[in-house]
Amino acid sequence: MNLITNLKENTSKCLHTLYGVNIAPEQVLVNATKPEFEGDYTIVLFAFVKQLGKSPEVLGNELGAAMLAQAPHLISQFNIVKGFLNFTIQDTFWLDFIHTTDSKNLLPSTLTPRKVMIEYSSPNTNKPLHLGHLRNNFLGWSIAEILKLQGNEVVKTCIVNDRGIHICKSMIAWQLFANGATPQDTNQKGDHFVGDYYVKFNDAYKAEVEELIAKGMSKDDAEKEAPIQKAAQALLLKWEQGDAQTMDLWKRMNEWVYAGFDVTYQKIGSDFFKTYYESNTYLLGKELVDQGLAKKVFYQKEDNSVWIDLTQDGLDEKIVRRKDGTSVYITQDIGLAELKQKEFNTDASIYVVGDEQNYHFKVLKLICQKLQLPASDGIYHLSYGMVELPTGKMKSREGTVVDADDLVDAMIQIAKEKTESLGKVSEFDEAQLLELYNTIGLGALKFFLLRVDPKKKMIFNPEESIDFHGFTGPFIQYTHARIKSILKKTGTNNVKTTGTLLPLEKQLAIELSTFPAVINEAADTLDPSKVAIYTFNLAKLFNTFYAELSIANAESEEKKNLRIQLGILTAATLQKGMQALGIAVPERM
RNA sequence: GGUCCCGUAGUUCAAUGGAUAGAACGGAUGUUUCCUAAACAUUAAAUGCAAGUUCGAUUCUUGCCGGGACCA
């Protein structure tokens, strides 16, 4: 059993025996003891002090003595400082932990595995992926890995926004300005190629609007009347009518974009079990509106538009079908939710989508629940904050978007330069080197984007390159490679040891033992940053350990064997932690 | 107008209501005859403002100031 759980249950039991009170184990607060005090784990007594009417000193002594008597094999001693009861755990417990842990029981044990769908990435097909998509992709991938480490089954999906006015804009611009050029002709990645025409559309549009305003038209009217804008709208209409020529061009341009996306996904390591296309799903959900009307979840206004009243839930009234009978954005989302549920029958469905859609997803979940669609309680919106520049939001129209491909390439290039200047892998062949640069460059980028709480917006300064030192992916990768290098020399036999532990040896064991709890917490809160922080702390602790204590030349054979085992466990935990973030760890670097 | 989110060292981030608010980068100072110095050690530096609840508040409540998102 988990040590902290054990302590909590013991505390609860002893409080009951001593004072006859019932305090649930979950109510007991157990923390790691701060380094400046003696002990390994601390129970915070204040909560019980009031309830029992005893001084912290008396309560601490009575409880400490009782717990020591209850579990002498586990606890060696205790002390009380103010309202804090500090326990020292027996070295034998940690020695047992060190020598009986292997890569399997390193991980949490899931009682009831769930089947979870994760929808992430959701690109538009009118422009290439940017930094915001990277945060999205890395988050989605990482959550999937974390849930898998828990033993859950994961279905990764992607919804591609392949239709609508935005792609029509690229199409119009291509018709006007491309002279039939293709990505092959221009030797460009297809998504960048199509994205360039989207920019060209906006430039032309802006020029037309200015011209109209100069002729005396109001800004609003000019924006509506600009010829290129009207052409895009006309094209959308043709698309909706299934016009053959329009469909051909649309398919052709989307294919270019998909080819480009494939390259990027391949490079950053993203994949999907199933991809949905909005062109196939945008008409979904219509019959659900009728069902909702029949169930009186929705109501109809005099003008025939259909609404849902969410004021009881603290939200507004929301339209689900326009008066002309066309559906709105949320209707297709409800339809797609139902479709996905029918196809995969998952227990939960996680949507990795930016926080500007918080309201939308609140509404989506509520409507699904009210319609009593299966598993609608399992809808989660993993809402993440925007990635902003020091100057504010990234805007494609102003050319301040940080392109995903450019950034990834830059990171790999920096990894290459850094590796070359250190010259530690001179005998690697070309393929090994390329793989290493990729591992390190992407590791730095992924860690950078995953180390902060997803809910919070984050600032990225393109002027400062992403660091390779300190709280970074390469720091952890380096620690892993370093351990592997030592283990290559010492061998990896697990020889049982006895005796007492030095403070750093024990600290490392304690840190290692919390890994399953960290994974569980990250899974519960859908927050990979918990894993990033833990993994960094573990690597940091090992580096201190490494600087203080010798492994290969330990003071005794016993200590050498102990530290080898600590090294094995640390390397394995670092590897699993980084895997949870979608980051590979090299054997050498 | 309504709803929601965010303000912590110079900068980027931590801190289930708990002990002296942690890290990293940047700054200063050290550590390579010895297992990978992408490392380690020492050091200066912060809770927007004002109340309230509490034994105890970065955390909860209210107001204000500042930044952002969404809904019409």
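Side chains are part of it too, since the values below use all heavy atoms of this structure and drop only hydrogens, waters and symmetry mates. In what follows, every chain begins at residue 1, and chains take the letters A, B, ... in the order their sequences are listed.
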Between [N] and [X], is there an OP1 or OP2 to side-chain N/O distance shorter than 4.0 Å?
X        : N     : result
A:Ser383 : B:C5  : no
A:Lys455 : B:A69 : no
A:Lys489 : B:U36 : yes
A:Lys456 : B:G7  : yes
A:Lys34  : B:A19 : yes
A:Arg563 : B:C35 : no

What is the base-pairing partner of [N], counting Watson-Crick and G-U wobble geometry with both distances under 3.5 Å?
N     : answer
B:C55 : B:G18
B:G2  : B:C70
B:A41 : B:U29
B:C35 : none

Is the aromatic ring centre of [X] closer than 5.5 Å to the centre of the six-membered base ring of [N], with the two planes inclined by less than 30°?
X       : N     : answer
A:Phe84 : B:A19 : yes
A:Phe46 : B:G18 : yes
A:Phe37 : B:A19 : yes

Closest non-hydrogen atom pair, [X] against [Y]:
X        : Y        : answer
A:Arg563 : A:Ala554 : NH1-CB, 3.7 Å
A:Ala532 : A:Phe471 : O-CE1, 3.9 Å
A:Ala571 : A:His480 : O-CD2, 3.4 Å
A:Asp309 : A:Glu317 : OD1-CG, 3.8 Å
A:Val425 : A:Leu436 : CG2-CD2, 4.0 Å
A:Leu541 : A:Glu511 : CD2-CB, 3.8 Å

Quick one: does NZ or CZ of A:Lys418 land under 6.0 Å from the six-membered ring centre of A:Tyr437, within 45 degrees of the ring axis?
-> no
Could A:Arg482 and A:Tyr546 be counted as a cation-pi pair, given that NZ or CZ must be under 6.0 Å from the ring centre and within 45° of the axis?
->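 The answer is yes; both the distance and angle limits are met.
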So do [Y] and [X] actually touch side chain to side chain, heavy atoms under 4.5 Å?
X        : Y        : answer
A:Phe87  : A:Asp40  : no
A:Phe298 : A:Leu371 : yes
A:Tyr329 : A:His360 : yes

Give one of base, sugar-phosphate or nothing for [X], where a contact means two heavy atoms less than 4.0 Å apart.
X        : value
A:Lys418 : base
A:Ile459 : sugar-phosphate
A:Glu587 : base
A:Thr544 : sugar-phosphate
A:Asp453 : sugar-phosphate
A:Ile319 : nothing
A:Ala552 : base
A:Val44  : base
A:Leu487 : nothing
A:Asn86  : base

Can you check the distance between [N] and [M], where both ends of the measurement are the [atom1] atom (answer in whole Å)?
N     : M     : atom1 : answer
B:A9  : B:U43 : C1'   : 14 Å
B:U61 : B:A24 : C1'   : 34 Å
B:G18 : B:U29 : P     : 39 Å
B:C70 : B:G63 : C1'   : 24 Å
B:U8  : B:G67 : C1'   : 15 Å
B:C13 : B:A21 : C1'   : 14 Å
B:A15 : B:G56 : P     : 24 Å
B:U31 : B:U47 : P     : 34 Å

Just the rounded figure in Å: distance from [atom2] of [N] to [atom1] of [X].
X        : N     : atom1 : atom2 : result
A:Asp313 : B:U3  : CG    : C1'   : 14 Å
A:Trp307 : B:C71 : CH2   : P     : 13 Å
A:Tyr384 : B:C6  : OH    : P     : 18 Å
A:His381 : B:C70 : NE2   : C1'   : 12 Å
A:Asp355 : B:C70 : CG    : P     : 9 Å
A:Leu566 : B:C35 : CG    : C1'   : 15 Å
A:Asn31  : B:G18 : CG    : C1'   : 8 Å
A:Leu364 : B:C70 : CG    : P     : 18 Å

Please pick, from [options], the nucleotide with the shortest atom-to-atom distance to any side-chain atom of [X].
X        : options             : value
A:Tyr546 : B:A19, B:C35, B:C4  : B:C35
A:Met458 : B:C13, B:U54, B:U36 : B:C13
A:Ile551 : B:C35, B:C71, B:A14 : B:C35

Does A:Thr42 make a side-chain donor-acceptor contact with the base of B:A19, cut-off 3.5 Å?
-> yes
Looking at B:A37, does its base get a donor-acceptor pair with the side chain of A:Asn543 below 3.5 Å?
->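 Under the 3.5 Å cut-off, the side chain and the base do not form any donor-acceptor pair.
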Strictly below 4.0 Å, heavy-atom distances to any atom of RNA chain B: list the hits from residues 503-521 of chain A, or just say none.
-> none
Lys/Arg N to Asp/Glu carboxylate O, A:Lys530 vs A:Asp527, below 4.0 Å =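 A:Asp527 and A:Lys530: salt-bridged.
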Of A:Ile483 and A:Phe475, whose nearest nucleotide on RNA chain B comes first from the 5' end?
->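 Upstream on the strand: A:Ile483.
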Position toward the 5' end of RNA chain B (nearest nucleotide), A:Pro474 or A:Leu315 |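 Residue closer to the 5' terminus by nearest nucleotide: A:Leu315.
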Check for a donor-acceptor pair, side chain of A:Ser305 on one end and backbone N or O of A:Lys301 on the other, with a separation under 3.5 Å.
->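 No: the side chain of A:Ser305 does not pair with the backbone of A:Lys301.
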If the sugar-phosphate is the primed atoms plus P, OP1 and OP2 and the base is the rest, what is the B/S/- string for nucleotides 22-28 of chain B, using protein heavy atoms under 4.0 Å?
-> -SSS---
Ring geometry between A:Phe460 and A:Phe448 (parallel below 30°, tilted from 30 to 60°, perpendicular above 60°) =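 Correct class here is perpendicular.
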Glycosidic class, syn or anti, of B:U32 using a 90° window around 0 |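 What B:U32 shows is a syn base, its glycosidic angle lying within 90° of 0.
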